[in-house]
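A short worksheet on the structure shown next.
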Amino acid sequence: MSEALTLDSLTSFCLRKGFFYPSGRIYGGVRGFYDYGPLGAELRKEIIDDWWYFFVRRREDMVGIHGSIITHPKTWEASGHVESFYDYLVTCSKCGKDYRADHLLEDLGINVVSLSAESLSALIKEKGVKCPECGGELSEPAPFNLMFVTYLGPKRTRASETYLRPETAQLIFINFRDIYYTYGMKLPFGIAQIGKVFRNEISPRSFLFRLREFEQMEVEYFVNPNKMDECPYFDEVASLRVNILTAEQQEGGTNEHVVLTLEEAWKRGLIKSQWHAYWIGESIAWFKRIGLNVGRLRVREHVKSELAHYALQTFDIEYYFPFMGWKEIEGISNRGDYDLRRHQEFSGKSMEIEDDRSKFIPHVIEPSFGLERIILALLSDAYRVIEGRPVLSLHARVAPIKVAVLPLVSKPEFIKKARSIYVELKKHFTAIYSEKGTIGRRYVEVDEIGVPLAVTVDGETLENNTVTIRFRDTRAQARVPVDGLVEEINRLLKNWDSLAESVRAK
RNA sequence: GCGGCCGUAGUCUAGUUUGGUUAGGACGCCGGCCUGCCACGCCGGAGAACCCGGGUUCGAAUCCCGGCGGCCGCACCA
């Protein structure tokens, strides 16, 4: 399974071990939805807690919010989602293929002025547009919108329509003024949020990769537009070497990234602002913290055609999945002042603030992480076969279960001692206890769900009150007293990165 | 959404081409033995009417239709 980790085998592993279940599985499942199982729920919590610590709590320039999922409908008009999320589809009556009406017209060099069903229909008729595949007649344009619609109140009328949020970002923008005026933040500063978003994808696919309901972890970082190159923390990331693939390279037909430090990438103008480069660096630093193999990450710039309506420049952090190649796990956009400006227009409330004796609408750098995609990357990275045994080699920081307690043999006195240790450890760590089958088998079972440490109660324990601590990846063992075991485990988990390779990881 | 392939116990799977005895196995699970430091030792047991619905037939897991779900390709991914 490790040599050729496939999406299928990973999906089935997650189901078998209780990381994820297809939502509504007993009824046949619903496309695009997965439920977190016991291990998945713990893994998720470790990741979001660490993200929140790293991007919010430890920083002096960041605060968090937690916005509502169903949001004032105006929000999505202002953000451009009502318009941009609305596309028109035409279907060939002969071969049944679907096309986006506007793309079809643009491909034929026809200028699309407005996106209404009537105007698109008229253009198609006027220019005699046919199916590019088979030349068949095209249907009338039918609208589809990627936002989930729901209704406020009991009546299902056009006026009561609203949407489940398709991104968390807008909740930050619509709260920006209140946060600025009530919480006393000074530029530059950021607002972070973790939460569910909903997109009615036409074709959800690839397990956790494209879901209809998923979780974002986002920062909107506000900067004086005259100070986009004045990041006081830049030194922390300047020398970080990254794999970078620019729009220019891609437009020149290359798909080979180059290795540059962030400072070089910024100074050469590949990354247009220093703040943008800084947030790319912080993102990669966090991925490293949670144990992702950063050698498998690259920073790819969006080419013009894929740039979103709001973006000045966007870089995706892509992870190289063994079964599907380079895929986005985080997007870092320079959104300029687009969002605040639009909300100013639509609300009539000024979004300008004062800094350095000038008034302006701040510009925004947005690191936007897809939680489930990160989990998929972490699991793909961690699942390996070490000397013939399956091991989920997750970093101790995110491992869903931190410690297993195992009696060497299932004699009553061993069990009694092991259980009392387990009950104590469970107050401090996610822990698991098992007495079934041979000790070797139990080690393999806990290795496979990524438990970094195993405490074994053996004959010596009963004599001198010591246990062994075994390391998952190397099977190295150390004998430690039961008194102070909690402190010792804490020390090992906290210092995971600095422990000797020979005990910690292969 | 379109096209191709697919859907059998908790999991993986045999059987589907050539409809027909109690749908077979492995792992897991439960009980017992073994008291073993790195899965894969022994005995016993429970568990599927074959994704859902309809049809053809004396008879369907097996053929046909629709739905749901999965994979791949196309389109889509703001």
Side-chain angles (χ1 to χ4, degrees), chain A residues 1 6-9 11-18 21-33 76 79-87 89-92 94-100 102-104 115 131-134 139 142 144-147 166-167 169 197 199-207 209-212 302 306-311 314 316 323-324 327-328 331 333 370 386-391 406-415 435-448 454 456-460 467-468 470-472 474-477 479:
Chain A
M1 187 154 149
T6 63
L7 188 58
D8 274 348
S9 59
T11 308
S12 132
F13 168 77
C14 285
L15 175 82
R16 211 169 56 241
K17 295 296 177 185
Y21 308 112
S23 195
R25 196 160 95 100
I26 61 168
Y27 296 112
V30 202
R31 231 143 80 97
F33 298 89
W76 308 107
S79 71
H81 283 85
V82 171
E83 195 183 334
S84 300
F85 255 48
Y86 248 107
D87 292 314
L89 226 52
V90 289
T91 307
C92 172
K94 207 164 134 196
C95 69
K97 280 209 157 42
D98 294 323
Y99 303 93
R100 263 183 64 172
D102 54 331
H103 285 186
L104 200 54
L115 271 180
C131 173
E133 285 289 314
C134 72
S139 70
F144 74 95
N145 190 303
L146 257 32
M147 287 193 289
E167 63 172 26
V197 300
R199 298 180 189 184
N200 205 350
E201 296 284 355
I202 298 170
S203 128
R205 202 168 273 199
S206 304
F207 187 33
F209 195 79
R210 195 181 305 162
L211 298 169
R212 286 181 167 140
H302 276 200
E306 61 184 324
L307 212 51
H309 60 276
Y310 50 73
T314 298
D316 283 346
F323 39 78
M324 54 186 185
K327 292 282 182 188
E328 176 195 358
S333 270
I386 301 176
E387 288 161 13
R389 57 199 180 95
V391 177
L406 313 169
L408 182 63
V409 296
S410 54
K411 279 184 183 169
E413 58 271 35
F414 284 66
I415 290 175
E435 62 184 51
K436 237 192 79 69
T438 65
I439 185 70
R441 179 201 199 91
R442 282 176 276 149
Y443 284 145
V444 169
E445 281 170 358
V446 298
D447 288 344
E448 199 179 3
T456 308
V457 169
D458 57 15
E460 228 181 302
V467 289
T468 62
R470 171 189 176 274
F471 291 79
R472 173 194 64 202
T474 60
R475 299 191 278 189
Q477 267 177 310
R479 184 158 286 277

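Since we're looking at a predicted model, the values are computed, not measured. Throughout, protein chains are lettered first and strands after them, A, B, ... in sequence-line order, and every chain is numbered starting at 1.
As judged by a 4.0 angstrom heavy-atom cut-off over every strand, L408(A) is placed among the base-contacting residues. Among the protein residues, Y21(A) comes within range of no part of the nucleic acid, since none of its heavy atoms lies under 4.0 Å from any strand. Contacts of E445(A) with the nucleic acid, taken as non-hydrogen atoms under 4.0 Å apart, are absent. Here S410(A) lies in heavy-atom contact (under 4.0 Å) with a base.
For the pair E435(A) CD and G31(B) P, the interatomic distance rounds to 10 Å; values are reported in whole Å. Following rounding to the nearest Å, R16(A) (CZ) and A26(B) (P) show an atom-to-atom distance of 18 Å.
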Discussion item. Test side chain to side chain contact (heavy atoms under 4.5 Å, CB included) on D316(A) and H302(A); report intermediate values, then the result.
Written reply: CA-CA 7 Å; D316(A) 283 346; H302(A) 276 200; 2.8 Å; yes
Discussion item. Test side chain to side chain contact (heavy atoms under 4.5 Å, CB included) on M324(A) and F209(A); report intermediate values, then the result.
Written reply: CA-CA 10 Å; M324(A) 54 186 185; F209(A) 195 79; 3.5 Å; yes
Item to complete: Test R16(A) against E448(A) for salt bridge (charged side-chain N to carboxylate O under 4.0 Å, His left out), laying out the working first.
Response: CA-CA 11 Å; R16(A) 211 169 56 241; E448(A) 199 179 3; 3.8 Å; yes
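The nucleotide whose nearest atom lies closest to any side-chain atom of R475(A) is, among A39(B), C38(B), C29(B), C38(B). Counting only heavy atoms from C-beta on, D458(A) has its side chain closest to C37(B) among G1(B), A39(B), C37(B). Of the candidate nucleotides U11(B), U35(B), C71(B), C71(B) has the atom lying nearest to any side-chain atom of D8(A). Checked against G69(B), G1(B), C72(B), the side chain of S203(A) finds its nearest nucleotide in G1(B). Closest contact between the side chain of P390(A) and the listed nucleotides C72(B), A39(B), C37(B) involves A39(B). The side chain of L146(A) sits closest to C77(B) out of A39(B), C37(B), C77(B).
Comparing the same atom, C1', in G69(B) and in U22(B) gives a spacing of 31 Å after rounding to whole Å. Taking atom P in both C63(B) and U18(B), the straight-line distance is 9 Å, to the nearest Å. Remark: the separation of the P atoms in C71(B) and C29(B) is 28 Å, to the nearest Å. The separation of C51(B) from U57(B), taken at their P atoms, amounts to 23 Å, rounded to a whole angstrom. Rounded to a whole angstrom, the distance from the P atom of A9(B) to that of A48(B) is 10 Å. Separation of the C1' atoms belonging to A26(B) and C40(B) is 12 Å when rounded to the nearest angstrom.
Geometrically, R470(A) engages Y443(A) in a cation-pi contact defined by less than 6.0 Å to the ring centre and at most 45° from the axis.
Nearer the 5' end of RNA chain B, as judged by each residue's closest nucleotide, is the contact made by K436(A), out of K436(A) and D447(A). Residues R31(A) and R25(A) each lie close to RNA chain B; by heavy-atom proximity, the contact nearer the 5' end of the strand is made by R25(A).
When all heavy atoms of D447(A) and P390(A) are compared, the closest pair comes out as CB-O, 3.8 Å. Pairing each heavy atom of M147(A) with each of W76(A), the nearest pair is CE-CB, 4.1 Å.
Across the strands present, C38(B) finds no partner; the criterion is a Watson-Crick or G-U wobble pair with both atom distances under 3.5 angstrom. C5(B) is paired with G70(B) under the Watson-Crick or G-U wobble criterion, all donor-acceptor distances under 3.5 Å. Pairing for U62(B) is absent, with no Watson-Crick or G-U wobble pair whose two atom distances lie under 3.5 Å. Searching all strands for a Watson-Crick or G-U wobble partner of U22(B) with both distances below 3.5 Å returns nothing.
In terms of polar N and O atoms assigned as donor or acceptor, the side chain of R442(A) never comes within less than 3.5 Å of the base of C38(B) in a complementary pairing. One donor-acceptor pair, N or O on each side, does fall under 3.5 Å between the base of C37(B) and the side chain of Y443(A). For C38(B), its base sits under 3.5 Å from the side chain of Q477(A) at one donor and acceptor pair at least.
Phosphate proximity of G70(B) to R205(A): absent, as no side-chain N or O sits under 4.0 Å from OP1 or OP2. Proximity of K327(A) to the phosphate of C77(B): no side-chain N or O atom is located under 4.0 Å from OP1 or OP2.
Atoms CZ and OG, on F323(A) and S206(A) in that order, are 8.5 Å from each other to the nearest 0.5 Å.
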